[in-house]
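Since the structure comes first, as structure tokens, the remarks are kept for the end.
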Amino acid sequence: MKKTEKVLYEELVPRELTKRIEDCPVAYLPLGTLEWHGEHLPLGSDGIQSQGFFIRLAEKTGGVVLPMLFMGPDSSADTENGALYGMDLWTGRRDTDEKIREPGRLDGSAYWMSDGDFLNLIDCIFKQLQRVGFKIIAAHGHGPSTALIARHEKEWLDKYGLTVINCWGSEQDGEGLGIQVDHAGSNETSLVMALRPELVQMDRLPEDIGQIPVAVSGKDPRIHAGRETGEKIIETQLERMSGIITDILAEIKRRL
């Protein structure tokens with residue numbers, strides 16, 4: 001039986017961590033949430049997908065996978081029924097044409113924090129990662145978290161000398177082949193099917209294809225999602241991200 005490579009930060013002893021950083025100074029930060037992901041996917045889908053992909057990427061390319069976060073920023077609104085955020089605000093746009101629902105709180109979402117608080121948290125994390133010896137941070141998962149970090153990439157480079165990247169993919173990868181490019185639609189559903197199939201409950205979705213699942217954005221997972229699609233996404237992005245990381249590390253070595 002092949003021995004599984006240890007890539008999770010919390011499972012490494014100091015010498016193992018030091019060796020992995022010497023070989024490939026890349027840290028992978030899964031940006032999770034505890035958030036409604038349709039009636040068919042687990043509430044922790046964001047972190048489950050990003051961590052699962054990062055484990056495979058670390059096994060292929062090197063580096064260390066950090067513990068996943070579950071707090072993050074998102075759109076928000078204060079209403080007479082309380083604060084709404086994220087997909088709460090999309091319920092009115094993702095139901096049947098005959099009856100448009102009012103936005104309302106969706107079960108299970110417990111993750112929101114302000115942009116400022118999130119950036120302060122990320123700054124603390126990145127400062128510690130630079131101290132340990134990492135040179136590249138791949139931070140990916142929850143869309144608003146990923147996007148907010150990306151908007152501050154130059155700041156992390158200037159402040160800590162860290163190159164920060166994400167894993168959304170590009171147009172050249174083909175439609176829908178990035179990592180987490182919809183919300184509980186065919187892309188995310190396929191990824192969870194590939195990474196943690198036992199957590200997907202497709203029978204929770206309406207059987208009537210004419211009834212659009214509540215707060216699901218992207219191609220209909222009942223029609224387009226599948227484990228093979230998820231594996232294709234993962235393999236496409238493993239090759240792409242491995243090449244990007246290799247090129248960045250080569251450039252860093254040239255500058256030394």
Side-chain angles (χ1 to χ4, degrees), residues 8-10 28-55 65-95 101-126 128 139-152 166-168 179-185 187-189 191-193 195-206 212-218 221 225:
L8 297 178
Y9 197 119
E10 63 269 29
Y28 305 98
L29 178 60
L31 302 173
T33 50
L34 296 176
E35 177 189 13
W36 172 282
H37 274 76
E39 296 171 297
H40 62 302
L41 293 182
L43 293 160
S45 287
D46 281 334
I48 289 169
Q49 292 170 84
S50 54
Q51 184 187 61
F53 174 72
F54 281 150
I55 288 172
V65 181
L66 296 160
M68 69 175 74
L69 301 182
F70 76 88
M71 298 291 287
D74 213 326
S75 55
S76 64
D78 291 322
T79 71
E80 59 184 24
N81 295 320
L84 304 178
Y85 48 81
M87 297 309 290
D88 292 348
L89 302 171
W90 283 80
T91 56
R93 305 180 225 180
R94 290 293 181 268
D95 208 331
R101 292 166 54 104
E102 291 296 321
R105 187 176 299 175
L106 293 167
D107 293 340
S109 294
Y111 68 93
W112 188 89
M113 66 193 311
S114 70
D115 288 6
D117 286 342
F118 181 72
L119 287 173
N120 286 336
L121 174 62
I122 294 300
D123 186 80
C124 290
I125 292 171
F126 285 4
Q128 299 307 308
H140 195 84
H142 178 55
S145 300
T146 306
L148 185 56
I149 290 175
R151 292 199 294 272
H152 292 265
N166 58 57
C167 309
W168 270 323
I179 299 294
Q180 296 167 258
V181 295
D182 63 15
H183 186 91
N187 178 270
E188 286 201 314
T189 302
L191 285 168
V192 182
M193 283 177 167
L195 294 165
R196 295 292 303 277
E198 76 279 9
L199 300 180
V200 182
Q201 300 183 33
M202 295 299 290
D203 59 345
R204 299 283 185 178
L205 293 174
I212 302 173
V214 174
V216 171
S217 177

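Sequence positions, counted from 1, serve as the residue numbers for this chain.
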If you round to the nearest 0.5 Å, how far is [atom2] of [Y] from [atom1] of [X]?
X: Ile212; Y: Leu205; atom1: CD1; atom2: CG; value: 12.5 Å
X: Ile149; Y: Ile125; atom1: CD1; atom2: CD1; value: 8.0 Å
X: Arg151; Y: Leu119; atom1: CZ; atom2: CG; value: 8.5 Å
X: Arg196; Y: Leu191; atom1: CZ; atom2: CG; value: 14.0 Å
X: Met68; Y: Ile48; atom1: CE; atom2: CD1; value: 6.5 Å
X: Leu66; Y: Leu8; atom1: CG; atom2: CG; value: 9.5 Å

For a quick test of reading the model, state the closest non-hydrogen atom pair linking [X] to [Y] and the distance between them.
X: Tyr85; Y: Ser109; value: OH-O, 3.3 Å
X: Asp117; Y: Met113; value: CB-CE, 3.7 Å
X: Phe118; Y: Gly72; value: CD1-CA, 4.0 Å
X: Pro42; Y: Leu199; value: CD-O, 3.7 Å
X: Val181; Y: Asn187; value: N-OD1, 3.1 Å
X: Leu89; Y: Ala77; value: CD2-CB, 4.0 Å

Considering only heavy atoms from C-beta outward, does the side chain of [X] approach that of [Y] to under 4.5 Å?
X: Trp36; Y: Asp88; result: no
X: Thr189; Y: Val216; result: no
X: Trp168; Y: His140; result: yes
X: Gln180; Y: Asp46; result: yes
X: Pro30; Y: Val65; result: yes
X: Leu69; Y: Leu29; result: yes
X: Ser114; Y: Pro73; result: no
X: Pro221; Y: Met202; result: yes

(request) Over 60° means perpendicular and under 30° means parallel, so classify the ring planes of Tyr111 and His142, tilted if in between. (result) perpendicular
(request) Answer yes or no: is there a donor N or O on one side and an acceptor on the other, between the side chain of Gln49 and the main chain of Ser45, under 3.5 Å? (result) yes
(request) Would you check if the side chain of Ser217 reaches a backbone N or O of Asp182 as a donor-acceptor pair within less than 3.5 Å? (result) no
(request) Mind running side chain to side chain contact (heavy atoms under 4.5 Å, CB included) on Val192 and His37 for me, showing each step along the way? (result) CA-CA 11 Å; Val192 182; His37 274 76; over 6 Å; no
